[in-house]
Number of protein chains: 2
Amino acid sequence: MCCNWNSINVSMRQEANGKAQTRIQKEKTAKIYAAALSVFAAQGYRGATLDAIALEAGMSKPNLLYYFESKETIHTALIGKLMETWLDPLRELNDDGEPLDNILDYVKRKLEMSRNYPRESRLFANEILQGAPHIHHLLSGELKQLVEEKSTLIQHWVTAGKIRNVDPVHLIFSIWSLTQHYADFDAQIHAVLGADTDPYPDAEDYLLTLFSRMLQV
Amino acid sequence: MCCNWNSINVSMRQEANGKAQTRIQKEKTAKIYAAALSVFAAQGYRGATLDAIALEAGMSKPNLLYYFESKETIHTALIGKLMETWLDPLRELNDDGEPLDNILDYVKRKLEMSRNYPRESRLFANEILQGAPHIHHLLSGELKQLVEEKSTLIQHWVTAGKIRNVDPVHLIFSIWSLTQHYADFDAQIHAVLGADTDPYPDAEDYLLTLFSRMLQV
DNA sequence: GTCTATAAGGGGATAGAC
DNA sequence: GTCTATCCCCTTATAGAC
């Protein structure tokens, strides 16, 4: 709608990285991110091609490379952008209310993420599976710190007798593993259950039961 | 040791696929399988190159292609060969002894597989993550059938009151997910725990506790 | 059976017109 | 900003000598 001021070429808007962007640039980069997410998630870094990303984004390959220097630049920018969102559910785990409910809510949020954002899940899975070559620093920095922080919180709950004794870090690993499994191994799950079956309702029941029995005092 | 009879060029030995093989052929193909496993597991199908496999196998690329028609042939043969071994732990789940112990033993066997055969785990993970393009038939055939068979067994245990009520198929999924996680997401686990930490002892404690609390009547 | 050389094609990235 | 054309490397696979 109504945007006379965006005829000004050097935009006054700023992106996270601090580079000025016109409206059209923002739209294009958004399309590229969306296309790159689909292609990188489905094919992995090596398997993805600029042709495929350009096709998906509805633009030519040189046009795509006008907005991003290289394939690697797209991948790095994309994964950095998504990492924040990806860790949000864990960040929300806090000390308000009942500890067990908080953990079960975290499980629910993570399972919702797998259901609603399977491409994001597979993007990270692809990356980590191959040794996390592009995000080592994020994992051993931001992620490690967040896990340590939340592990301390969980350990307090154990010590206070609010939940049963449990290794907090492996508890977190198990929540990641079990919830992301439904996105990452989707092909296998549907091969076993049938293509038309929606596994998520039963998965939620199963996982909430599992962690309740594991943790309830 | 002592093998005069293998100077006979047309071997009397047979491989699974029925093709006659000389001793040297068996050694070479074994080397290729070993190299292909390393490279496909680390790089995925697209990321793997014949150069890398040939280097790892200690032979030239044309020599490698003398033994296998194509990259795809190597991958298909390898994954078919490994699938049997990969499903063995689940096949061993049977009705002798205590149900809960049988399931906990299955968890232990699967975790041992992750520890001792992480490349195999990552090979399958890569394949399934990208939609299982090469093994769809194995998943919806052999695997599906095996899961159905073992689910029935587990359901009997539930009905007989030997273990607590649980969805058998999701129980199996969760065992796969949790145990394979330690192989597939190794990079993330070591980023969080530190490169020198061996996660397996704590992982075993955690998982046995988890499934005991989940299933014990 | 194994090698060197090379064909054939895919894919990342750039040049330069518009 | 966007396009067509193109460069060049990497990768799969084959030809043909030894």
Side-chain angles (χ1 to χ4, degrees), chain A residues 3 6-11 13 15 19-33 35-36 38-40 42-79 126 130 133-134, chain B residues 6-11 13 15 19-33 35-36 38-40 42-78 126 130 133-134:
Chain A
C3 309
N6 75 25
S7 61
I8 300 164
N9 261 341
V10 178
S11 166
R13 300 220 209 158
E15 236 214 351
K19 282 186 190 151
Q21 285 200 320
T22 64
R23 184 181 53 81
I24 215 168
Q25 281 172 329
K26 295 182 85 163
E27 286 172 7
K28 288 274 187 168
T29 52
K31 275 194 181 177
I32 294 170
Y33 279 132
S38 287
V39 177
F40 282 128
Q43 315 285 337
Y45 181 75
R46 291 283 305 259
T49 67
L50 292 179
D51 279 309
I53 298 172
L55 180 70
E56 181 83 17
M59 65 188 75
S60 68
K61 191 162 51 169
N63 195 191
L64 188 157
L65 286 166
Y66 173 79
Y67 289 97
F68 288 89
E69 277 189 339
S70 66
K71 179 180 177 178
E72 178 136 28
T73 309
I74 302 174
H75 188 255
T76 304
L78 177 64
I79 219 161
N126 264 303
Q130 316 215 345
H134 304 97
Chain B
N6 75 24
S7 62
I8 298 164
N9 261 340
V10 179
S11 166
R13 302 220 207 158
E15 236 214 352
K19 283 188 188 147
Q21 284 202 322
T22 62
R23 183 180 54 81
I24 217 168
Q25 280 171 331
K26 294 182 83 163
E27 285 173 6
K28 288 272 187 170
T29 51
K31 275 194 180 178
I32 294 170
Y33 278 131
S38 287
V39 177
F40 281 127
Q43 314 284 336
Y45 181 75
R46 293 281 309 257
T49 68
L50 293 179
D51 278 311
I53 297 173
L55 181 69
E56 181 84 16
M59 66 187 74
S60 69
K61 191 162 47 170
N63 194 189
L64 189 157
L65 286 166
Y66 173 78
Y67 289 97
F68 288 88
E69 277 189 339
S70 67
K71 179 181 176 177
E72 179 136 27
T73 309
I74 302 174
H75 188 255
T76 304
L78 177 65
N126 263 304
Q130 315 214 344
H134 304 97

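Computed from a predicted structure; not experimentally measured. Note on naming: letters A, B, ... go to the chains in the order of the sequence lines (proteins, then strands), and numbering restarts at 1 for each one.
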Please state whether the phosphate of C:dC3, meaning OP1 or OP2, lies under 4.0 angstrom from any side-chain nitrogen or oxygen of B:S60. yes
Where does the angle between the aromatic ring planes of B:Y45 and B:H134 fall among parallel (under 30°), tilted (30 to 60°) and perpendicular (over 60°)? tilted
Would you please name every residue forming a side-chain hydrogen bond (donor to acceptor under 3.5 Å, both in side chains) with A:S70, sequence neighbours left out? A:T73
Nearest-Å distance for atom pair OH/P, residues B:Y66 and D:dG16: 18 Å
Between C1' on D:dG1 and CD on A:Q25, what's the gap in Å once rounded to a whole number? 9 Å
B:E69 CD to D:dA13 C1': how many Å, rounded? 11 Å
Measure CG/B:L55 against C1'/D:dT11 and give the value in whole Å, please. 15 Å
Do A:Q43 and A:N126 have side chains that get closer than 4.5 Å, going by heavy atoms? no
Given 3.5 Å as the limit, does a donor-acceptor pair link the side chain of A:K71 with the main chain of A:A48, or not? yes
Side chain of A:K28 only, please: which of D:dT2, D:dG1, C:dG1 is the nearest? D:dT2
Could you go over nucleotides 9-12 of chain C and give all protein N or O partners under 3.5 Å, atom names and distances?
{"unit_1": "C:dG11", "atom_1": "OP1", "unit_2": "B:R46", "atom_2": "NH2", "d": "3.0"}
{"unit_1": "C:dG12", "atom_1": "OP1", "unit_2": "A:A48", "atom_2": "O", "d": "3.4"}
{"unit_1": "C:dG12", "atom_1": "OP1", "unit_2": "A:K71", "atom_2": "NZ", "d": "3.3"}
{"unit_1": "C:dG12", "atom_1": "OP2", "unit_2": "A:L50", "atom_2": "N", "d": "2.8"}
{"unit_1": "C:dG12", "atom_1": "N7", "unit_2": "A:K61", "atom_2": "NZ", "d": "3.2"}

C:dT2 phosphate, OP1 or OP2: any side-chain N/O from B:Y67 under 4.0 angstrom? yes
Please state how far atom CG in B:N63 lies from atom P in D:dA17, giving the value in whole angstrom units. 19 Å
In this structure, how many angstroms lie between the P atom of D:dT2 and the CD atom of A:E27, rounded? 11 Å
What pairs meet the ring-ring contact (aromatic ring centres under 6.0 Å, His included) rule with one or both residues in residues 47-69 of chain B, with sequence neighbours excluded? B:Y33-B:F68
Can you tell me the distance, in whole Å, between the CD1 atom of B:I32 and the P atom of C:dG1? 12 Å
Using 4.0 Å as the upper bound for N to carboxylate O, is an ion pair formed by A:K31 and A:E27? no
